[in-house]
Amino acid sequence: MTSIPPPPPPPAPPPAGADDLGPWSPSGGPTHSLGLPPPPDDARPIPAPFVVVDQVSKWFGGVVAVSEVSFAVGPGVTALLGPNGAGKSSLLRMLCGLTPPSQGSVTIHGANPRTDPAVRARIGLVPQQETMFDGRTAREFVRLTAILHGVEQADAATVAAIQEVELDPDDPRTISSYSKGMRQRVKVAQALVHGPDVLVLDEPLTGLDPRQRRHLIGLFERLGEEGRCVVVSSHVLEEVERFGSRVLVMAQGRLAAEGDFRAIRELMDDRPHRLRITTDLPGPVAGGLLATGSVMGVRIADETTVLVDTNDVQRFRTTVAKVASEHSAHLREVVPLDDDLDSVFRYLVGR
């Protein structure tokens, strides 16, 4: 595959004492596995955050879209989770400098993306909106993006970016004839073409079939592993969980929680954990568990299923096999029902 060229030259070195602008390597270095220019080198043992959001609010007239949100994001994949209307798109537009905060500040590598063209050139954006140059081919559209970003080898970069999203750079059809999934992949290609080290992706998997979703999820994960900062928003819970990444949960314009989804689940310790047991002898297993005191309650859902509530999952796990053995019951499945993002999200929004 033809390699995408290095990004445009970096801004001038910061003055002394301003090293919080973040790392930036003008040399580029060897091309990484994706055929994209490598992320900036970082000789420091702990990389500084790429993105810092500090007490940011955004309102439109009397409508508050984002309220007092703060977080910092470094290399890797960060998923922004929330239902439609939670304020995700408004927040991402502020990250890219497309709209200013009504209050608070957003910085990328220590600079304001709204006023600093050099740092804005280091951002790749996949917007949620469908507006594109429909009369152009995918190649023409992506190449135009490369030219606007000052990519020297725009043709080669265009071919590499389009191939990376599994489209044909020689397809003569215009974008107007493309399906929703193909249009989404064109938007991803134009976000990659200039080799940004910060990628902001607003609902990028919408309209894709399962195989295409797997491919793009793998692409985003590899970009994060290469040291780029990838922020992906979604309202589809299973998509976010598949990233296996840090999660920012937004609800009603506020940041409800952040962390890995299992860590977020630990915020819910004021309510019992629920698990489903599938066994050939649900009655004896339910009674045995109650007798051990390792569960708060049990309910026999059907002839093979027991639902269990417990505040001590570790004790339950060491007890359930022993109880099954004592009653000559076969355990077919023990599944937590509230350790997924769906449950976490419902809890946080309700709270």
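Quick note: numbers below take in every heavy atom, side chains included, and nothing from hydrogens, waters or symmetry partners. In this text the structure is predicted, and so the values were computed from the model without any measurement.
- Ser89 and Gln128 are linked by a side-chain donor-acceptor pair at a separation below 3.5 angstrom, with hydrogens and angles left out of the test.
- Tyr178 and Asp171 form a side-chain donor-acceptor contact under 3.5 Å, judged by distance and modelled atom types alone.
- Looking at Ser57, its side chain does come within 3.5 Å of a backbone N or O of Glu68 through a donor-acceptor pair.
- Trp59 and Val56 fall into different hydrophobic clusters, defined by Ile, Leu, Val, Met, Phe, Trp and Tyr side-chain heavy atoms under 4.5 Å apart, directly or through other members.
- Smallest separation of non-hydrogen atoms from Lys187 and Gln190: O-NE2, 2.8 Å.
- Following chains of ILVMFWY side-chain contacts shorter than 4.5 Å, one cannot reach Val334 starting from Met296, and the two form parts of different hydrophobic clusters.
- Each of Asp155, Asp168, Asp170 was evaluated against Arg139; a single residue qualifies, Asp170, per the salt bridge (charged side-chain N to carboxylate O under 4.0 Å, His left out) test.
- Between the OG1 atom in Thr174 and the CG atom in Asp134 there is a gap of 7.5 Å [rounded to 0.5 Å].
- Residues Met182 and Met132 share a single hydrophobic cluster, defined by chaining ILVMFWY side chains whose heavy atoms lie under 4.5 Å apart.
- Using bins of under 30°, 30° to 60° and over 60° for the plane-to-plane angle, the ring pair Phe133/Phe141 lands in the perpendicular bin.
- When every heavy atom of Glu203 is checked against every heavy atom of Thr206, the shortest pair comes out as O-OG1, 3.3 Å.
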Would Arg246 and Asp260 count as a salt bridge (Lys or Arg N to Asp or Glu O under 4.0 Å) here? Give the steps. CA-CA 5 Å; Arg246 181 185 179 201; Asp260 145 311; over 6 Å; no

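- Between Leu337 and Leu275 the shortest side-chain heavy-atom distance does not fall below 4.5 Å.
- Checked for salt-bridge contact, Asp209 and Arg211 miss the test: no charged N lies under 4.0 Å from a carboxylate O.
- No single ILVMFWY cluster, assembled from side-chain heavy atoms under 4.5 Å apart, contains both Val52 and Leu255.
- Between the OG atom in Ser233 and the CG atom in Leu248 there is a gap of 11.0 Å [rounded to 0.5 Å].
- Checking side-chain atoms of Glu140 against main-chain N and O of Thr137 turns up a donor-acceptor pair under 3.5 Å.
- Interatomic distance, Leu192 CG to Leu223 CG, rounded to the nearest 0.5 Å: 6.0 Å.
- For the residue pair Ala329 and Val285, the shortest heavy atom distance occurs at CB-CG2, 3.7 Å.
- With hydrogens and angles ignored, the 3.5 Å screen pairs a side-chain donor or acceptor of Arg114 with a backbone N or O of Leu98.
- Using modelled atom types and a 3.5 Å distance limit, the side chains of His273 and Asp312 yield no donor-acceptor pair.
- Leu290 and Val313 fall into different hydrophobic clusters, where Ile, Leu, Val, Met, Phe, Trp and Tyr side chains are chained together by heavy-atom contacts under 4.5 Å.
- Formation of a donor-acceptor pair under 3.5 Å by the His194 side chain with backbone atoms of Ile147 is not found in this model.
- Scanning both residues, Met250 and Pro83, for their nearest heavy atoms gives O-CD, 3.8 Å.
- A donor-acceptor pair under 3.5 Å is absent between the side-chain atoms of Arg136 and the main chain of Ser176, judged by distance alone.
- To the nearest 0.5 angstrom, Ile217 atom CD1 is 12.0 Å from Gln212 atom CD.
- Counting all heavy atoms, side chain and backbone alike, Ser328 lies closest to Leu281 at O-CD1, 3.7 Å.
- The heavy-atom pair separating Arg213 from Leu208 by the smallest distance is NE-O, 3.1 Å.
- The backbone N or O of His330 lies less than 3.5 Å from a partner atom in the side chain of Asp280, making a donor-acceptor pair.
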